[in-house]
Protein chains: 2
Amino acid sequence: MRPLTRKGAATRQRILEGAAAHIREHGVAATALDDVLARTATSKSQLFHYFPGGREELLLAVARLEADRVLEDQRPHLSDLTSWPAWQSWRDTVVDRYRRQGRLCPLNSVTAHLGNRTPGAQAVVTELMNRWQSELATGVRHMQNAGEIDPALDADRAAAALLACIQGGVLIQMSTGQTTHLEAALDMGIAYLRAGRLPSP
Amino acid sequence: MRPLTRKGAATRQRILEGAAAHIREHGVAATALDDVLARTATSKSQLFHYFPGGREELLLAVARLEADRVLEDQRPHLSDLTSWPAWQSWRDTVVDRYRRQGRLCPLNSVTAHLGNRTPGAQAVVTELMNRWQSELATGVRHMQNAGEIDPALDADRAAAALLACIQGGVLIQMSTGQTTHLEAALDMGIAYLRAGRLPSP
DNA sequence: GGGATTTTGGACTTGCGAGTCCATTTTTTG
DNA sequence: CAAAAAATGGACTCGCAAGTCCAAAATCCC
């Protein structure tokens with residue numbers, strides 16, 4: 001079904017990354033297929049050869065790329081939330097990542113444009129959220145086992161709240177350009193976790 | 001400059017609300033000018049007569065409409081955060097409002113589509129956020145004065161965090177369709193405020 | 001009432017950009 | 001090496017939807 005030569009795979013990758021880059025710089029609305037072709041030195045036929053679904057399929061692939069990137073950029077901290085200093089450096093990483101990213105959030109941009117009526121688009125986002133929340137919950141549970149957080153706390157619900165803090169902070173940053181809300185929300189979330197800490201005996 | 005007959009004003013309003021309604025139902029991408037014309041029984045010339053800037057100006061007007069609506073839907077609770085039960089009913093109102101709204105967030109949809117390149121679009125959002133945060137901060141300060149929240153808490157920062165909780169919860173709801181994150185985040189935010197309460201003497 | 005102004009209808013232009021097609025070149029495979 | 005399959009170039013079609021224009025109708029103002 002899909003033999004895909006080495007050269008072919010390279011071209012496909014080039015198109016994909018070129019599209020992602022252009023979207024990161026100019027947003028989805030200002031990204032025509034021709035822009036991608038020009039930037040990647042490819043032709044229409046190549047694009048439709050590797051992405052038979054056309055624009056929509058390409059955008060979906062970009063969404064997947066960006067979604068993976070989101071979690072990758074939080075490594076290794078995200079998977080090692082085993083002490084308060086670790087939580088703090090994770091927090092700093094997140095803030096820094098989004099500060100760097102600036103006002104354009106490629107993922108939000110793409111999914112918003114793809115519309116939530118495309119089942120694929122929301123699947124990508126939903127899966128990202130699930131993985132993200134799951135890793136946070138693992139961190140919370142670890143701290144509970146270490147006696148640093150009240151075991152009565154619902155780890156998943158706390159992780160959900162924390163995730164919302166991040167998303168909201170980022171969303172606000174997209175309009176204001178400031179990361180102050182993100183920082184405030186994250187700090188609050190972590191403070192909340194610590195407040196539920198078992199009183200040291 | 002703009003005499004605007006009574007009839008003219010009515011037509012303009014009809015177009016504006018028709019556009020907002022169509023966008024709420026179908027999203028921005030799926031809203032062509034012709035759709036609005038058909039729904040409001042008006043013609044191209046009328047639309048461009050009342051919105052000389054065309055589509056962009058219309059969308060911006062819709063954004064303003066929706067932004068106002070967001071705060072209005074939280075009245076009167078938002079301006080009366082003077083007791084813990086009051087905070088709770090505000091929280092319930094917000095959750096309910098967004099549950100009703102479903103997956104489509106007209107404001108986010110419009111601003112995302114208008115791109116953040118339009119200065120007007122982000123101005124609308126920024127102003128909304130400022131007003132929203134300001135009202136929340138007022139509520140926090142009121143509770144501080146009543147001795148229900150630690151006076152050492154930075155009211156504006158707490159309000160910023162709370163705002164991020166809401167935005168994030170809503171954003172996640174847009175993909176998942178669930179309000180669980182919104183609820184978890186809001187509950188956490190309020191719990192955080194209460195945790196900072198002065199120990200009763 | 002009547003001239004000025006605003007409102008309205010709707011056909012027309014226009015440009016953009018997605019998607020198609022086919023001929024040609026390159027690579028794989030046996 | 002030769003046949004088959006894949007990769008590539010780029011011109012072409014085509015539909016949609018934004019925006020323009022002008023003439024006709026309604027309304028306002030004195």
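In what follows, every chain begins at residue 1, and chains take the letters A, B, ... in the order their sequences are listed. Keep in mind the model is a prediction, meaning the values are calculated, not measured.
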Chemist: Return the value, rounded to whole Å, for the distance between atom NZ of A:Lys7 and atom C1' of D:dA5.
Modeler: 14 Å
Chemist: Nearest nucleotide by nearest heavy atom, which residue falls closer to the 5' end of DNA chain D, B:Gly53 or A:Thr42?
Modeler: A:Thr42
Chemist: Please give, in whole Å, the distance from C:dT7 C1' to B:Ile15 CD1?
Modeler: 11 Å
Chemist: If I take atom CG in residue A:Leu4 and atom C1' in nucleotide C:dT26, what distance separates them, rounded to the nearest angstrom?
Modeler: 16 Å
Chemist: Just checking A:Glu56: does its CD atom have more than 12 heavy atoms from other residues, nucleotides or ligands closer to it than 6.0 angstrom?
Modeler: no
Chemist: Using rotation axes that map the C1' atoms of four end pairs onto the next four (five pairs an end), what angle separates the end axes of the helix from C:dG1-D:dC30 to C:dG30-D:dC1, to 10°?
Modeler: 30°
Chemist: Give one of base, sugar-phosphate or nothing for B:Ser45, where a contact means two heavy atoms less than 4.0 Å apart.
Modeler: base
Chemist: In whole Å, what is the span from the CD atom of B:Gln46 to the C1' atom of D:dA25?
Modeler: 12 Å
Chemist: How long is the line joining NE2 of B:His49 and P of C:dT5, in whole Å?
Modeler: 14 Å
Chemist: Could you check whether any side-chain N or O of B:Arg103 sits under 3.5 Å from a backbone N or O of B:Gln173, counting only pairs where one atom can act as donor and the other as acceptor?
Modeler: no
Chemist: For residues 149-180 of chain A, pull every pair meeting ring pair (Phe, Tyr, Trp, His ring centres under 6.0 Å), keeping only residues two or more places apart or in separate chains.
Modeler: none
Chemist: Rounded off to whole Å, could you give me the CG-to-P distance for the A:Leu37 and C:dG17 pair?
Modeler: 12 Å
Chemist: Quick check for you: to the nearest 0.5 Å, what is the distance between A:Leu186 atom CG and A:Gln88 atom CD?
Modeler: 9.5 Å
Chemist: Side-chain contact test, heavy atoms from C-beta onward, threshold under 4.5 Å: evaluate it for B:Leu182 versus B:Gln167 and give yes or no.
Modeler: no
Chemist: Given 3.5 Å as the limit, does a donor-acceptor pair link the side chain of A:Arg24 with the main chain of A:Pro106, or not?
Modeler: no
Chemist: For C:dT8, does either OP1 or OP2 sit under 4.0 Å from a side-chain N or O belonging to B:Tyr50?
Modeler: yes
Chemist: Please give, in whole Å, the distance from D:dA7 C1' to A:Leu47 CG?
Modeler: 14 Å
Chemist: Using a strict 4.0 Å threshold on nitrogen-to-oxygen distance, state whether A:Asp96 and A:Arg100 make a salt bridge.
Modeler: yes
Chemist: Does the side chain of B:Thr126 pick up a donor-acceptor pair with the side chain of B:Gln122 at under 3.5 Å?
Modeler: no
Chemist: Got a salt bridge between B:Arg39 and B:Glu17, using NZ or NE/NH1/NH2 to carboxylate O under 4.0 Å?
Modeler: no
Chemist: Give me the distances for all protein-to-nucleotides 14-18 of chain D N/O pairs that come in under 3.5 Å?
Modeler:
from, atom 1, to, atom 2, distance (Å)
D:dA18, OP1, B:Arg55, NH1, 3.0
D:dA18, OP2, B:Leu33, N, 3.0
D:dA18, N7, B:Lys44, NZ, 3.4

Chemist: Taking atom P of D:dA7 as reference, at what distance in whole Å does atom CZ of A:Arg14 sit?
Modeler: 13 Å
